[in-house]
Amino acid sequence: MTALQIVAAVIGVAATIVGWTMFLMRIGKFVQFFKLGAPTRAGERTNDAGARTGTLVKEFLGHTRMARLPVVAIAHWFTMISFGVLTLTLAQATMQLFNPAATLPLIGHFVPYEWITELFAMAGLIGIIVLIAIRQAKKPKGETLDTQRKSRFYGSNFWQAYYVEFTILGVCLCIALLRGLEYVLQGHEGQANLILHFPLTFWIGEIFSGLSIPVVSGLIVAIALAKILISYAWMVTVALTPTMGVAWHRFLAFFNIWFKRHANGRTSLGALQPMVSDGEELDFSDPDAMDDSTTMGVGKVEDFTWKGLLDFSTCTECGRCQSQCPAWNTEKPLSPKLMMINLRNHAAAKSPWLEAAQKAQAEAQPPAPLADDADKKAKRAWQKEMDAYEGISDPHENLDLLGTLSEAAQAEAVRPLVGAQDVEELAELGVIDPDALWSCTTCGACVEQCPVDIEHVDHFVDMRRYQVLIESAFPTELGGLFKNLENKQNPWGMSQRKRLEWAKDLDFEVKQVGADIEDLGEVEYLFWVGCAGAFEDRAKKTTQATAELLNMAGVDFAVLGDGESCTGDPARRAGNEFLYQMLAQANVEVLNEMKARKIVVTCAHCFNTIANEYPQLDGKFEVVHHTQLLNKLVREGKLTPVAPAEGEQVQTPVTYHDPCYLGRHNQIYEPPRELIGSLPGVEYREMERSKETSFCCGAGGARMWMEETIGSRINVNRTKEAVATGAEQIAVGCPFCRVMLSDGLTAEQSEGNASEGVEVLDVAQMLLAGVKRGQGGAESAPEPAEV
């Protein structure tokens with residue numbers, strides 16, 4: 001061996017030992033870290049292992065979660081695959097320190113292996129260059145914060161991203177150079193068919209073809225050492241930086257995808273997760289079963305489940321969630337990405353403190369039982385021992401027990417998870433800004449976009465639950481909402497006796513369960529009207545139009561009338577799980593008692609709650625959205641819309657707004673569009689942000705009843721986009737969306753940014769107008785929306 005080889009071998013072996021040791025130690029610490037989280041329900045994350053494995057393979061190899069950015073997806077796919085495929089080149093580089101001509105046993109000269117190695121070395125090199133270029137092109141620019149916020153990389157840790165990217169770049173360059181030098185070396189040794197073995201790197205070898213064997217060998221040793229040092233320096237760096245999501249996601253993402261909520265790969269939207277304490281779902285029908293140890297939502301980072309801690313650690317800071325978030329795009333403090341980063345960093349900082357607490361608790365022994373005749377001095381001593389023991393059980397109560405940790409670590413450990421409003425002292429700031437927490441509309445855009453299946457909405461709502469149920473800290477407007485829901489069973493505080501007033505002007509009788517029929521077994525559908533459909537004037541028009549259409553099509557249906565209550569959606573999304581359970585359990589009891597089977601709803605929120613969340617309470621029904629049912633009736637010829645009469649406008653420009661709880665949460669995109677497409681005289685115009693990337697109206701997550709005082713208004717942002725299409729009618733499929741877009745349109749028209757002729761209509765109203773034209777009732781077409 002030459003002196004260079006001896007030195008390189010010593011350095012390379014030392015780097016190998018240090019790198020692997022620290023990396024494996026960090027993996028062990030990660031396992032302990034995740035164990036700090038609360039348990040999930042038994043089998044919740046491990047059921048149907050075969051389907052979960054299939055989902056993992058599909059998302060990993062198919063890159064299905066990243067396909068929305070095709071260029072990024074392709075570049076990332078080759079970079080990602082090269083990371084695994086090229087691992088063996090690290091072993092060969094180690095061998096080359098001792099013998100520059102060394103190759104891997106058995107496969108070293110196997111042509112398919114060599115081709116794969118060269119393909120992914122070159123493709124990985126090109127891929128990482130593309131990703132570096134994209135990060136540079138998309139990085140925050142401009143002198144103002146508003147301009148910088150437009151970048152999805154705003155708030156990401158750039159040094160970490162650059163380090164990872166240039167590590168990959170350096171490794172791929174080393175592999176390409178080594179292959180080229182191996183071409184030269186094997187050529188000197190008289191190997192035949194060299195181009196067959198070096199199809200993509202022979203040209204690099206030709207550059208060095210004039211060098212002597214000793215020089216080529218020395219270069220191989222030097223570059224192999226460089227490759228080893230780059231690789232193991234990366235291992236050491238990530239081992240020392242567990243919060244380096246841009247690096248750790250390449251390992252943790254596999255587990256995060258496998259343990260996602262739905263084994264079949266569906267995004268973690270639709271139903272919210274039930275409240276769980278110590279791995280057991282809370283039974284709200286038995287309040288006596290809850291005690292002081294029962295966890296209500298998430299008030300401390302260790303209250304998150306281990307899957308939550310895995311979510312935070314897996315975040316790669318790509319910013320796709322941030323770029324789609326309606327709150328972030330309207331200058332509010334909420335960024336789903338920054339929320340994950342803050343929670344991850346806080347959990348990592350607090351983990352040594354929690355581990356020390358667990359160790360102290362495991363080693364501690366409770367004081368012996370006190371004798372009944374003990375004197376006062378003995379009782380005081382016993383109580384002091386008991387207080388110390390309980391302080392270990394709840395380390396937040398006794399910092400002195402963990403005095404070995406730094407003051408900074410202890411301060412971070414007792415920092416509130418969600419801060420209070422109007423905090424002046426920096427030390428009192430929470431990990432999460434309350435304005436950020438309450439800005440969330442639960443639209444699900446973050447979950448839909450996340451390439452590693454982080455479940456943001458569940459985590460946000462869990463924090464809201466603790467704030468509402470334990471801290472009683474929530475926006476003041478929600479107090480009125482909760483009071484109305486509790487006392488009147490609807491958000492508007494209207495009398496239940498008025499739930500059927502919408503039907504009084506119809507020219508046919510609407511059957512009511514309990515009055516006109518005994519139970520729902522006598523009709524095909526229950527028409528769930530919903531609170532908005534019963535009480536909100538604009539939504540009443542949708543209710544009336546739907547009822548008329550069902551009657552025209554001969555669909556036998558009935559309503560519950562005053563037997564219907566709010567589904568509980570706004571209470572649950574606002575974090576008031578107790579109130580939701582009260583309303584939902586009452587509704588499920590009524591629906592089961594009345595033998596409900598098939599339910600049609602006009603509200604996307606009612607649809608989601610009854611279809612996805614009532615099964616958690618043994619309320620299992622077949623639920624359809626009114627756009628689905630009406631589209632089916634049109635396709636079957638039971639409803640026939642007709643074009644406007646000659647002389648009227650031939651083509652009316654129409655655009656459609658996807659309700660979040662119909663679209664992203666339930667993947668219902670086509671029926672409303674098909675229904676609009678069936679209307680003669682309509683020119684359909686799609687908004688740029690539509691379907692999976694649709695922009696929220698701003699009403700979800702109980703935001704319908706909260707003032708929007710920070711930044712610009714979400715509904716105005718969406719309305720501007722709709723008006724920009726040139727549409728004269730904005731079609732909706734949810735009463736919440738109708739209210740928000742109508743108000744947004746009013747604001748735009750008052751500023752002269754929208755024509756007075758533009759209107760917001762539910763799809764049912766548009767269909768009814770067309771059907772009535774066919775029956776000679778054009779004069780009965782629905783009135784323009786009240787805006």
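These numbers come from the heavy atoms of this one structure, side chains and all, not from hydrogens, waters or symmetry mates. Note that the numbering runs from 1 along the sequence shown for the chain.
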Where is the tightest heavy-atom contact between [X] and [Y], given as atom of each residue plus distance?
| X | Y | result |
| --- | --- | --- |
| Gly701 | Arg464 | O-NH1, 3.0 Å |
| Ala747 | Val716 | CB-CG2, 4.2 Å |
| Pro641 | Val634 | CD-CG1, 4.4 Å |
| Glu707 | Glu477 | N-OE2, 2.9 Å |
| Leu478 | Trp438 | CD1-CZ3, 3.6 Å |
| Thr602 | Val529 | OG1-O, 3.9 Å |

Is any side-chain heavy atom of [X] less than 4.5 Å from a side-chain heavy atom of [Y]?
| X | Y | value |
| --- | --- | --- |
| Ile599 | Val624 | no |
| His657 | Met687 | yes |
| Leu549 | Val771 | yes |

So Cys446 and Gln324, side chain to side chain contact (heavy atoms under 4.5 Å, CB included) or not? Walk me through it. CA-CA 7 Å; Cys446 48; Gln324 296 293 315; over 6 Å; no

Run the numbers on Gln322 and Ser335 for side-chain hydrogen bond (donor to acceptor under 3.5 Å, both in side chains), then give the verdict. CA-CA 5 Å; Gln322 181 174 285; Ser335 159; 2.6 Å; yes

Tell me whether Arg718 forms a cation-pi arrangement with Phe695, defined as NZ or CZ under 6.0 Å from the six-membered ring centre and within 45 degrees of its axis.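 Ring-cation test returns no.
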
Can you confirm whether the side chains of [X] and [Y] place a donor and an acceptor under 3.5 Å from each other?
| X | Y | answer |
| --- | --- | --- |
| Thr330 | Lys332 | yes |
| Asp556 | Tyr525 | no |
| Glu674 | Asn631 | yes |
| Thr442 | Tyr661 | yes |

Using a strict 4.0 Å threshold on nitrogen-to-oxygen distance, state whether [X] and [Y] make a salt bridge.
| X | Y | result |
| --- | --- | --- |
| Arg673 | Glu686 | yes |
| Arg572 | Glu577 | yes |
| Lys691 | Glu670 | yes |
| Arg149 | Glu331 | no |
| Glu728 | Arg685 | no |
| Glu708 | Arg703 | no |
| Glu448 | Arg664 | no |
| Asp453 | Lys260 | yes |
| Glu548 | Lys772 | yes |
| Arg597 | Glu622 | no |

Under 3.5 Å: donor-acceptor pair, side chain of [X], backbone of [Y]:
| X | Y | result |
| --- | --- | --- |
| Arg738 | Arg538 | yes |
| Asn666 | Ile668 | no |
| Glu501 | Ala534 | no |
| Ser323 | Arg320 | yes |
| Thr441 | Gly700 | no |
| Gln544 | Trp502 | yes |
| Gln628 | Pro671 | no |
| Glu536 | Ala539 | yes |
| Ser742 | Val739 | no |
| Asp569 | His605 | no |

With rounding to the nearest 0.5 Å, note down the distance linking [atom1] in [X] to [atom2] in [Y].
| X | Y | atom1 | atom2 | result |
| --- | --- | --- | --- | --- |
| Leu761 | Ile730 | CG | CD1 | 9.5 Å |
| Asp519 | Leu526 | CG | CG | 11.5 Å |
| Trp328 | Cys440 | CH2 | SG | 14.5 Å |
| Leu272 | Glu613 | CG | CD | 5.0 Å |
| Ser268 | Arg261 | OG | CZ | 5.0 Å |
| Leu633 | His626 | CG | NE2 | 12.0 Å |

Below 6.0 angstrom between ring centroids: does that apply to Trp528 and Phe557? no

Centroid-to-centroid, Phe578 to Phe284, below 6.0 Å? yes

Would you sort out whether Asn587 and Tyr614 count as a side-chain hydrogen bond (donor to acceptor under 3.5 Å, both in side chains), showing the intermediate values? CA-CA 9 Å; Asn587 279 330; Tyr614 279 12; 3.1 Å; yes

Step through the shown structure and confirm whether more than 12 heavy atoms of other residues, nucleotides or ligands are within 6.0 Å of [atom1] on [X].
| X | atom1 | value |
| --- | --- | --- |
| Glu636 | CD | yes |
| Lys620 | NZ | no |
| Glu518 | CD | no |

Would you call the rings of His625 and Phe607 parallel, tilted or perpendicular, where under 30° means parallel and over 60° means perpendicular?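 Correct class here is perpendicular.
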
So Phe736 and Trp705, would you call those rings parallel, tilted or perpendicular, with 30° and 60° as cut-offs?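 Ring orientation of Phe736 relative to Trp705: perpendicular.
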
Show the numbers, then the answer: is there a side chain to side chain contact (heavy atoms under 4.5 Å, CB included) between Met275 and Leu469? CA-CA 12 Å; Met275 275 182 60; Leu469 300 176; 3.9 Å; yes

Walk me through whether Val758 and Leu745 qualify under side chain to side chain contact (heavy atoms under 4.5 Å, CB included). CA-CA 8 Å; Val758 180; Leu745 187 59; 3.9 Å; yes

Apply the test side chain to side chain contact (heavy atoms under 4.5 Å, CB included) to residues Glu486 and Met582: give CA-CA distance (whole Å), side-chain angles for both, the deciding distance (0.1 Å), then the verdict. CA-CA 9 Å; Glu486 185 173 359; Met582 180 186 76; 4.2 Å; yes

Of the options Ile714, Leu334, Asn717, which is the one that meets Pro326 in a side chain to side chain contact (heavy atoms under 4.5 Å, CB included)? Ile714

Could you go step by step and tell me if Asp562 and Lys498 meet the salt bridge (charged side-chain N to carboxylate O under 4.0 Å, His left out) rule? CA-CA 8 Å; Asp562 57 7; Lys498 296 184 177 181; over 6 Å; no

